[in-house]
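First comes the structure, then the notes that go with it.
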Amino acid sequence: MFRPALRSSTRLLRGTTPSSFLTGRLAAYRFISQEVRSKIQKAIDSKPVVLFMKGTPDAPQCGFSRAAVQVLEIQGVPPEKLQTYNVLQDEELRQSIKEFSEWPTIPQIYVNGEFVGGCDILLSMHQSGTLENLLENNGVIPKVEESSATNTAPSS
Amino acid sequence: MMFLEPIPKLDQILSSVLQATMISIAKLEKAIHSKFIVHHLEVEDISSGCGESYSILLVSDDFEGKSTLQRHRQINEALKEEIAQMHAFSQKTFTPKQYEEYLEKQKEQAK
């Protein structure tokens, strides 16, 4: 009951005074600075596949991050095309990546700068085969030619 | 009731405060029902006791025509406050039709 009333009043103020618009926004969001934003953007652009995780690929600190690493491994993502960032070593990154991606949890996966999702999405894409397609189409892993020999329909 | 006791123990106070603020299956279900047209919902506590990890399976018509990413974003937004209090949150999203297919597949795998 309270919320819609508040919202409509800020909307009214927005039209009249620009300063109240700003304070209204500031109250609602915690902005990440432009500096942090560009730092994250750089991190995301550093490699074709970028994984923000808890721990490192060799020593993941969380089951979900471990699962994400394993999926990328099974898919055969070459190490030179994968960059991982340990959010546990960087509290600023840990908080700001959530806001940057508008995603509340870690791990987070980017492919060629595009946000793919978290652990659930990565796993389900892995199972359905769409992850393989995505990685192939982005040139991360080589396309596998479907061999016609194995795909022939059984003759009756 | 706690305040009927002359001197409530500190841990009792703490635990009642915790219970008021902590996320529970019931709270999550309520929040989801208030924000989605629920066709089917399963909420599971996967924390093995600490109450900080949940997994949900939501079947809703709201997901029709939306990508998995969009659906998850929708849930993330709707459960923003709750998710912020958890350690881990896992979700599966289906439209009623997809859920039927999913159940069929599970049945086949069980065979």
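All values below were derived from every heavy atom in this structure, side-chain atoms included, with hydrogens, water molecules and symmetry-related copies excluded. A note on names: the letters A, B, ... follow the listed sequences, proteins ahead of strands, and every chain is numbered from 1. Quick caveat: nothing in here was measured; it's all calculated off a predicted structure.
- Heavy atoms closer than 4.5 Å to chain B are found in the backbone of A:Ser101, but not in its side chain.
- Surrounding CD of B:Glu100 are at most 12 heavy atoms belonging to other residues, nucleotides or ligands under 6.0 Å away.
- For the set B:Thr93, B:Ile83, B:Asn76, the count of heavy-atom pairs under 4.5 angstrom toward chain A peaks at B:Asn76.
- Residue A:Glu114 qualifies as open at atom CD: its count of foreign heavy atoms under 6.0 Å is 12 or below.
- By the rule that hydrophobic residues join a cluster once side-chain heavy atoms approach within less than 4.5 Å of another member, B:Val59 and B:Ile56 end up as members of separate clusters.
- Taking all atoms of both residues into account, the shortest heavy-atom contact from B:Arg73 to A:Glu102 is NH1-O, 2.7 Å.
- In terms of hydrophobic clustering, with Ile, Leu, Val, Met, Phe, Trp and Tyr side chains grouped at heavy-atom distances under 4.5 Å, A:Leu88 and A:Tyr85 are assigned to different clusters.
- No other option in A:Gly117, A:Pro104, A:Gly63 has as many heavy-atom pairs under 4.5 Å with chain B as A:Pro104.
- The nearest pair of heavy atoms linking A:Val116 to B:Leu69 is O-CD1, 3.5 Å.
- One finds the NE2 atom of B:His87 at 4.5 Å from the SG atom of A:Cys62 (value rounded to the nearest 0.5 Å).
- Counting all heavy atoms, side chain and backbone alike, A:Asp120 lies closest to B:Phe89 at OD2-O, 4.0 Å.
- More than 12 heavy atoms of other residues, nucleotides or ligands shown are found within 6.0 angstrom of NZ on B:Lys35.
- In this structure, the separation between NE2 on B:His72 and OG1 on A:Thr105 is 10.0 Å, given to the nearest 0.5 Å.
- If you chain together hydrophobic residues whose side chains sit under 4.5 Å apart, B:Leu57 and B:Leu79 never meet in one group.
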